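Notes to accompany the following structure.
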Number of protein chains: 4
Amino acid sequence: MPENEKLSAIKDRELVEKRRTQMVKGAMKLFKEKGFHRTTTREIAKEAGFSIGTLYEYIRKKEDVLFFVVDAIYDQVRSRLREAMDLQYAPAENLVKVTEAYFILMDEMQEEVLIMYQEVKSLNKESLDYVLQKERDMVDMLKNVIIDCLPQNLSTTDAELLANNIFVQGQMWGFRRWMLQKQFTLKEYIERQLTYLKYTLHIPI
Amino acid sequence: MPENEKLSAIKDRELVEKRRTQMVKGAMKLFKEKGFHRTTTREIAKEAGFSIGTLYEYIRKKEDVLFFVVDAIYDQVRSRLREAMDLQYAPAENLVKVTEAYFILMDEMQEEVLIMYQEVKSLNKESLDYVLQKERDMVDMLKNVIIDCLPQNLSTTDAELLANNIFVQGQMWGFRRWMLQKQFTLKEYIERQLTYLKYTLHIPI
Amino acid sequence: MPENEKLSAIKDRELVEKRRTQMVKGAMKLFKEKGFHRTTTREIAKEAGFSIGTLYEYIRKKEDVLFFVVDAIYDQVRSRLREAMDLQYAPAENLVKVTEAYFILMDEMQEEVLIMYQEVKSLNKESLDYVLQKERDMVDMLKNVIIDCLPQNLSTTDAELLANNIFVQGQMWGFRRWMLQKQFTLKEYIERQLTYLKYTLHIPI
Amino acid sequence: MPENEKLSAIKDRELVEKRRTQMVKGAMKLFKEKGFHRTTTREIAKEAGFSIGTLYEYIRKKEDVLFFVVDAIYDQVRSRLREAMDLQYAPAENLVKVTEAYFILMDEMQEEVLIMYQEVKSLNKESLDYVLQKERDMVDMLKNVIIDCLPQNLSTTDAELLANNIFVQGQMWGFRRWMLQKQFTLKEYIERQLTYLKYTLHIPI
DNA sequence: TATGAATGAGCATTCATTCAT
DNA sequence: AATGAATGAATGCTCATTCAT
């Protein structure tokens with residue numbers, strides 16, 4: 001968020017960070033259980049371990065909590081995705097490793113991803129743009145990994161679309177769990193999706 | 001909805017149907033604009049063309065409106081998907097036609113699909129199960145079309161997963177429009193996704 | 001208030017009138033006791049005899065209550081002032097009678113006048129303009145009565161200023177009661193102020 | 001204020017004085033802009049140049065700030081009025097000079113006078129009495145000047161009432177500015193009011 | 001059947017005041 | 001003396017739901 005700084009009346013930056021962490025942790029739990037709209041600011045404050053008055057020393061509006069939560073989720077996903085990309089392999093192997101890591105990550109963060117999908121619309125335009133840019137960045141990371149494996153008949157534009165496909169396939173493991181997780185184990189799911197991807201990219205199985 | 005019947009105090013079935021149609025139409029418009037939580041029952045009644053008192057003759061809780069809306073969306077998608085499947089072609093051709101039709105449909109119903117994704121969590125367990133069953137049915141329809149084109153190395157389980165992939169790729173055209181619709185026209189999007197699908201299914205381009 | 005109509009969600013005009021009367025009566029009592037800011041909307045509703053929800057069916061914001069109260073006060077003053085002017089006397093006599101009536105009126109409405117003086121600043125610009133116009137109208141009424149008694153050396157501009165003087169002298173009987181009402185009875189106060197006025201206008205005592 | 005001393009926990013009298021001056025200056029500015037109720041203690045502290053904690057070292061309740069502000073206004077008016085009275089003229093001339101000075105003063109202090117009129121009711125009884133006594137003192141000063149010009153047919157009681165009239169006419173220049181300052185310049189206003197006063201007191205023009 | 005006035009629990013947000021440092 | 005983080009009671013306002021007509 002651009003004017004991150006102005007959001008809090010508290011001067012001690014470290015304290016702000018600490019309280020925000022408490023807040024995000026508490027709010028995340030509640031949002032998972034009942035969604036943003038059904039969670040009250042009082043509940044958030046209580047779950048975070050401080051009073052409603054204190055909560056409002058660190059935010060201006062309830063919506064700010066949502067922003068901090070969504071932002072934290074994105075950061076978490078991104079940092080873990082980066083880790084996976086730091087291990088350098090040969091292009092095809094790298095794609096497999098990164099995709100696997102991403103799918104495993106999405107499995108672990110199912111609830112958080114659901115929050116993003118269902119509540120993001122409650123953010124204001126500015127926060128939304130900010131957050132969507134983070135998503136674009138992550139897709140770009142995936143895209144670059146794909147580009148390294150691109151066969152001659154596919155372009156970087158294809159890489160972009162395929163990155164989106166993988167991205168959404170990772171998310172769908174969580175938000176379609178009622179359908180997918182009855183049919184597949186995570187391992188099976190990953191294997192099959194990777195197989196389809198390899199066919200598409202003409203990578204030998 | 002299982003106890004569809006109990007929902008309304010009104011006896012005249014036709015009237016009930018008429019009022020529900022009005023209600024769904026009005027509510028859909030409002031949900032598209034501001035989501036379920038931000039829409040009030042008063043607004044729904046007004047948009048539907050009757051009073052708040054009358055609205056409550058046809059529902060018991062605000063949530064019922066959401067159910068009717070989501071149900072109507074599913075029915076709409078399903079019936080249009082059926083139409084597309086009624087035209088019989090050779091298996092591979094059929095898959096292409098049905099997928100194309102589905103993607104075009106998802107393009108037209110972007111807003112409605114967004115409602116489903118974002119508000120479904122507000123349904124109670126019973127309604128949710130009912131609605132998810134409809135989604136399963138539709139995935140099954142797609143799955144069957146895929147099965148007819150399945151190469152030897154893929155199983156019906158793969159068909160199921162691929163059906164899910166297509167299903168979500170259709171939806172993602174709408175809910176990731178901020179990313180996809182800047183890069184692709186609908187036609188391009190469909191062509192590319194079909195190409196990847198063909199590679200996966202070993203259908204010659 | 002210009003868009004008086006839009007202020008209420010209730011359709012029955014008569015009921016609106018009735019409820020507003022209740023509301024104004026209750027609010028006036030509370031404002032006299034503790035002022036606008038110290039009075040809560042809940043107290044207003046209770047004093048008016050209905051629930052907080054009902055109160056908000058008849059207003060949009062707390063400030064609207066203040067407007068209705070101030071408006072009612074002005075209307076009351078104006079209508080009683082009109083009555084006094086309807087009795088036709090000779091010019092000088094008329095001025096005396098009207099001024100007397102006005103002072104008596106101000107004595108009776110001390111509390112209400114205090115509300116006007118102390119709370120009017122809480123009205124928004126539009127309401128304030130509307131209300132000040134009413135005050136101008138009343139001053140004009142007084143001015144016209146004075147004009148009929150004007151000696152040669154005074155102009156209509158003087159009449160306007162003298163009208164303002166009388167107007168404020170009437171109000172000051174209430175808001176400076178802690179000083180004036182210890183020294184003078186109302187009768188004495190009126191007599192003396194009239195005497196000074198007669199000297200100024202060269203009316204023989 | 002009677003227990004002026006008890007109000008602050010700070011021992012150093014000079015410091016107390018300095019802080020109060022800062023506080024009054026800042027609060028006055030804010031009260032002019034938005035009134036007492038709409039100004040928060042935080043804003044007052046900030047405008048005064050210290051922290052909210054420090055503010056509360058020099059007051060006990062928010063209301064105390066109002067008292068200090070009103071008290072300061074009264075002192076300012078009184079001291080300037082005294083200055084004007086120190087220049088000794090002949091009685092009639094003196095009255096004119098003092099009244100002129102008072103009107104000019106009221107013109108300069110319009111905003112402050114408005115604060116007094118509109119917020120004084122928020123003071124507690126004790127502070128109110130204290131403050132009203134100051135107003136009485138000032139009226140007395142004016143009264144004495146009038147007494148020196150009194151014609152035979154008017155008593156000291158008349159002098160008191162006429163002092164009140166002048167007093168309020170000075171204030172009304174500010175609080176009825178929306179009406180008066182469109183019709184008159186300050187000079188015109190003063191001239192006319194003085195003329196009426198002279199007629200009343202039988203002072204030759 | 002239809003209406004819409006009434007209700008009040010519930011919510012986000014504010015702000016005077018305190019107190020440990 | 002000064003600071004500013006913490007508190008929570010208080011408040012304006014909303015809105016799903018009911019029910020008398």
Side-chain angles (χ1 to χ4, degrees), chain A residues 8-12 15-16 18-19 37-46 49-65, chain B residues 8-12 15-16 19 37-46 50-65, chain C residues 8-12 15-16 18-19 37-46 49-65, chain D residues 8-12 15-16 19 37-46 50-65:
Chain A
S8 171
I10 273 47
K11 302 189 175 177
D12 183 338
L15 186 57
V16 170
K18 182 182 155 199
R19 292 277 179 263
H37 281 102
R38 286 177 147 69
T39 301
T40 69
T41 51
R42 273 178 165 76
E43 289 171 320
I44 294 170
K46 191 173 182 189
F50 37 67
S51 71
I52 181 66
T54 299
L55 176 64
Y56 273 88
E57 293 285 328
Y58 296 90
I59 61 168
R60 272 175 318 193
K61 327 209 107 230
K62 187 188 174 193
E63 193 199 299
D64 293 338
V65 181
Chain B
S8 171
I10 299 332
K11 303 286 166 70
D12 183 341
L15 184 56
V16 170
R19 291 277 180 261
H37 281 102
R38 286 176 149 69
T39 301
T40 69
T41 51
R42 270 175 158 88
E43 289 171 320
I44 294 169
K46 191 173 182 189
F50 38 71
S51 72
I52 181 68
T54 300
L55 177 65
Y56 271 85
E57 293 291 328
Y58 296 91
I59 61 168
R60 273 173 319 189
K61 325 211 107 227
K62 187 188 174 192
E63 193 200 298
D64 294 339
V65 181
Chain C
S8 171
I10 273 48
K11 303 188 173 177
D12 182 339
L15 186 58
V16 170
K18 183 182 155 198
R19 293 275 178 266
H37 281 103
R38 285 177 148 70
T39 302
T40 70
T41 52
R42 275 175 166 78
E43 289 171 321
I44 295 169
K46 192 173 181 188
F50 36 67
S51 71
I52 180 67
T54 299
L55 175 64
Y56 273 89
E57 293 285 327
Y58 296 91
I59 60 168
R60 272 176 319 195
K61 325 209 110 230
K62 188 189 175 192
E63 194 199 298
D64 293 339
V65 180
Chain D
S8 171
I10 300 328
K11 305 285 168 69
D12 182 340
L15 185 55
V16 170
R19 292 278 180 260
H37 281 102
R38 285 177 150 69
T39 301
T40 69
T41 51
R42 271 175 159 87
E43 289 171 320
I44 294 169
K46 189 173 183 189
F50 38 71
S51 72
I52 181 67
T54 300
L55 177 64
Y56 272 86
E57 293 290 328
Y58 296 91
I59 61 170
R60 271 174 320 189
K61 324 212 109 226
K62 187 189 174 192
E63 194 200 297
D64 293 339
V65 180

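Side-chain atoms are counted along with the backbone in the values below, which use heavy atoms only and exclude waters and symmetry mates. Because the structure is a prediction, the values reported are computed rather than measured.
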* **B:His37 and A:His37 aromatic ring geometry - parallel, tilted or perpendicular at 30°/60° bounds** => parallel
So do the side chains of [X] and [Y] get within less than 4.5 Å of each other, counting heavy atoms only?
X       : Y       : value
B:Tyr58 : B:Val65 : no
B:Thr54 : B:Arg19 : yes
A:Asp64 : A:Tyr56 : no

* Compare the minimum distances between each of F:dG12, F:dA2, E:dA5 and the side chain of C:Lys62, then state the nucleotide with the smallest one. => F:dG12
* Asked: Of the nucleotides F:dT7, F:dA6, E:dT1, which has the atom closest to the B:Asp12 side chain?
  -> E:dT1
* Asked: Under the 3.5 angstrom rule, does the side chain of C:Ser8 hit a backbone N or O of C:Glu57 as a donor-acceptor pair?
  -> yes
Under 4.0 Å from OP1 or OP2 of [N]: is there any side-chain N or O of [X] that close?
X       : N      : result
A:Lys61 : E:dA12 : no
C:Arg42 : F:dC13 : no
D:Thr41 : E:dA16 : yes

Heavy atoms only: give me the nearest [X]-[Y] pair and the separation to one decimal.
X       : Y       : answer
B:Ile52 : B:Arg42 : CD1-N, 3.9 Å
D:Thr40 : D:Glu43 : N-OE1, 2.8 Å
B:Thr41 : B:Leu55 : O-CD2, 3.5 Å

Got a list of protein N/O to nucleotides 18-21 of chain E N/O distances below 3.5 Å?
none

* Asked: So what does D:Arg19 hit on the nucleic acid, given a heavy-atom distance under 4.0 Å: a base, only sugar-phosphate, or nothing?
  -> sugar-phosphate
* Would you indicate what A:Thr40 reaches in the nucleic acid, counting non-hydrogen atoms under 4.0 angstrom: base, sugar-phosphate, or nothing? => sugar-phosphate
Nearest whole Å is fine: how far is [N] [atom2] from [X] [atom1]?
X       : N      : atom1 : atom2 : result
A:Arg38 : F:dT14 : CZ    : P     : 20 Å
A:His37 : F:dC15 : NE2   : P     : 11 Å
B:Leu15 : E:dA2  : CG    : C1'   : 10 Å
A:Ile10 : F:dA6  : CD1   : P     : 6 Å
C:Glu63 : F:dC13 : CD    : C1'   : 15 Å
D:Phe50 : F:dG4  : CZ    : P     : 13 Å
B:Glu43 : F:dC15 : CD    : C1'   : 10 Å
D:Tyr58 : F:dT3  : OH    : P     : 9 Å

* Where each pair must be Watson-Crick or G-U wobble with both distances under 3.5 Å, what dot-bracket representation of DNA chain F is obtained, with crossing pairs in [ ] and other-strand partners as |? -> .||||||||||||||||||||
* 5′-ward residue of the pair A:Leu55/D:Ser51 relative to DNA chain F -> D:Ser51
